[in-house]
2 protein chains.
Amino acid sequence: MAGSRDEGTIPAELLTALNKNSPVPLYHQLATALEQAIRDESLPPGARLENEIALGQRLGLSRPTVRRAIQELVDKGLLIRRRGVGTQVVQSGVTRDLGLTSLYEDLSLLGQSPETRVLHHEVRPATAEEAEQLALEPGAPVLHLVRLRLARHVPLAVLDNTLPTDSTDISREDLEEHGLYDLLRHRGVNMRIARQRISAREATPYESELLGIGKDAAVLTMSRTAIDTTGRVVEFGRHCYRPDLYSFEITLVDR
Amino acid sequence: MAGSRDEGTIPAELLTALNKNSPVPLYHQLATALEQAIRDESLPPGARLENEIALGQRLGLSRPTVRRAIQELVDKGLLIRRRGVGTQVVQSGVTRDLGLTSLYEDLSLLGQSPETRVLHHEVRPATAEEAEQLALEPGAPVLHLVRLRLARHVPLAVLDNTLPTDSTDISREDLEEHGLYDLLRHRGVNMRIARQRISAREATPYESELLGIGKDAAVLTMSRTAIDTTGRVVEFGRHCYRPDLYSFEITLVDR
DNA sequence: AAGTGGTCTAGACCACCTC
DNA sequence: AGGTGGTCTAGACCACTTC
């Protein structure tokens, strides 16, 4: 019970940076400002925030707007709220990047080291598993891809993807230059949901050669179905990663 | 562009089951009812919901309450909303269990097959890594545990956990009978946030013997720090799983 | 032009925790 | 008893999509 004295209340005057005419929502502007304050420790671990109403009044915002901003950081695992008590910054090194998980890690990695080799590129009938995952009739034409992804010239992952009919005209050249998600976005397909299953297994001989790892070495596997804004399945992927170079980070929040 | 005709609108009259005096929030009651309707396909894949205002009027709820219920299902990946268009049930087999991820899979597995063997149980000074992860001074006393988790008498995972000072009096016997999270909960420690990192590697000789797998076979690894409702780190765990018996499911939603 | 979800406000009542 | 977050309402205006 030895009390940890709560740190002083410093909600930062810098929040005057709220722009009411910006296209970015006020709750998100506030959430971003608070997150920054937490990460540079002007709001140190354990610090208590003002209550929602007072904070809203100081900022000229309504309580629901303030609540929504705070909720965003609660969902990220940066703040903790308790009824009757208040809102505090979580303890421990929050500073380290959390990341969300592979969908986004993939994207940011692409920005750093845009090397992709297309190993296989073929339109063929869907297998039973592919049809099942893509919600197609078995035998429907699909585009099957195998790519090798490298970062800093080191092989990182083998990506096996299957796409339904409307995307079968994506070319090899496009894929060497751009990420799959970028290509789809430029074609008007916007990803909204990804369902992923993560596990591990021994590498196949083909994979160990590609990845430059020992025979039967362990690989991290992820299979995913992605759904776009219209609710249709637009991609099914089976990926395997070098586990010494790749991992998935997840933050779970119990509500 | 071949149109997928939107299915008829059947928001189910059964939603009369809303109980305004229940301690469970109205938005969650509604979300649960909608989720059930989706899973038993009385709201089939692709079906469009009524708009939020109309739905609210029919149910005697305000729009924010209806919105919050819908948002819950959007976050679960069951519904998709588009401005100017409407709200639809996602395509593809949603019926299959989604699960959230290991924190919850652990808990539900416990209910099915409560076998745990405590292999190691010792209070000792924290290593550098443990101190770092638990936000303690190096050398502070911690409880170090190694447990073998079995399901249906088959070894499933090796769990290596470290707990800070206030939990060092948890006994071996307690751990054989109950899950770690149950024990902590009964001691007034309620988990709120878990930060997890998932990867893979080859099993150590010790692990392969315990798990009954080949030498150097692949294992799925997860390391986690858990934070309770007061914002303190209360557990650090390094787990490894048989990848043929265990995987992590994640649903990502892009907002 | 009409209809949808996205944002924001102002205020109310309640449940819970602490003192 | 007082202060906190949790829930819920009623209404307003806007941005986007579709026709």
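Just so it is clear: chains get the letters A, B, ... in the order the sequence lines come, proteins before strands, and each one is counted from 1. Basis for what follows: all heavy atoms, side chains included, without hydrogens, waters or symmetry-related copies.
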**Study point:** Value in whole Å for how far the P atom of C:dC17 lies from CG of B:N190
**Key:** 10 Å
**Study point:** Nearest-nucleotide 5' precedence on DNA chain D, A:G84 against A:R63
**Key:** A:G84
Practice item. Looking only at non-hydrogen atoms, find the nearest pair between B:I38 and B:V89 and report the distance. Key: CG2-CG1, 3.8 Å
Practice item. With side chain to side chain donor-acceptor pair (under 3.5 Å) as the test, would you mind laying out the steps for A:Q71 and A:Y27 before giving the verdict? Key: CA-CA 10 Å; A:Q71 187 61 45; A:Y27 65 81; over 6 Å; no
Exercise for review: Answer with base, sugar-phosphate or nothing: what part of the nucleic acid does B:L26 contact at a heavy-atom distance below 4.0 Å?
Suggested key: sugar-phosphate
Check your understanding: Does the side chain of A:H178 come within less than 4.5 Å of A:H186's, by heavy atoms?
Key -> no
Check your understanding: To the side chain of B:L61, which of D:dT9, C:dT7, D:dT7 is closest?
Key -> D:dT9
Check your understanding: Which whole-number value in Å describes the distance from A:L30 CG to C:dT7 P?
Key -> 14 Å
Point to revise | Donor-acceptor pair (no angle test) under 3.5 Å: B:R83 side chain, C:dG3 base | key: no
Check your understanding: Roughly how many Å is it from CG in B:N51 to P in D:dT18, rounded to a whole number?
Key -> 16 Å
Check your understanding: Can A:R232 and A:D166 be counted as an ion pair, charged N to O under 4.0 angstrom?
Key -> yes
Check your understanding: Could you state the CZ-P distance from A:R81 to C:dC17, rounded to the nearest angstrom?
Key -> 16 Å
Revision key, fill the gap. CG of B:L180 to CG of B:L183, rounded to nearest 0.5 Å, is 6.5 Å
Check your understanding: Would you say B:K20 reaches C:dC14's phosphate, i.e. side-chain N/O to OP1/OP2 under 4.0 Å?
Key -> no
Check your understanding: With respect to the phosphate group of D:dC8, does any side-chain polar atom (N or O) of B:Y27 fall under 4.0 Å of OP1 or OP2?
Key -> no
Practice item. Quick one: label A:R67 by what it contacts on the DNA or RNA (base, sugar-phosphate, nothing), any heavy atom closer than 4.0 Å. Key: base
Check your understanding: What is the distance, rounded to the nearest whole Å, between atom CD of A:Q57 and atom C1' of C:dA10?
Key -> 12 Å
Practice item. Map A:P64 and A:T87 onto DNA chain D by nearest heavy atom, then report which one ends up closer to the 5' terminus. Key: A:T87
Practice item. Measure from CD1 on A:I53 to P on C:dA12 and round the result to the nearest Å. Key: 12 Å
Review point. Under 4.0 angstrom, heavy atoms only, what part of the nucleic acid is B:G56 near: base, sugar-phosphate, or nothing?
Key: nothing
Point to revise | Of A:V24 and B:R82, the one whose closest DNA chain C nucleotide lies more 5' | key: B:R82
Check your understanding: Looking at the side chain of A:S62, which of D:dG5, C:dT9, C:dT7 is the nearest nucleotide?
Key -> C:dT9
Review point. Tell me: CG of B:D254 to P of C:dG6, nearest whole Å?
Key: 13 Å
Point to revise | Spacing of A:E52 atom CD relative to C:dC8 atom C1', expressed in whole Å | key: 16 Å
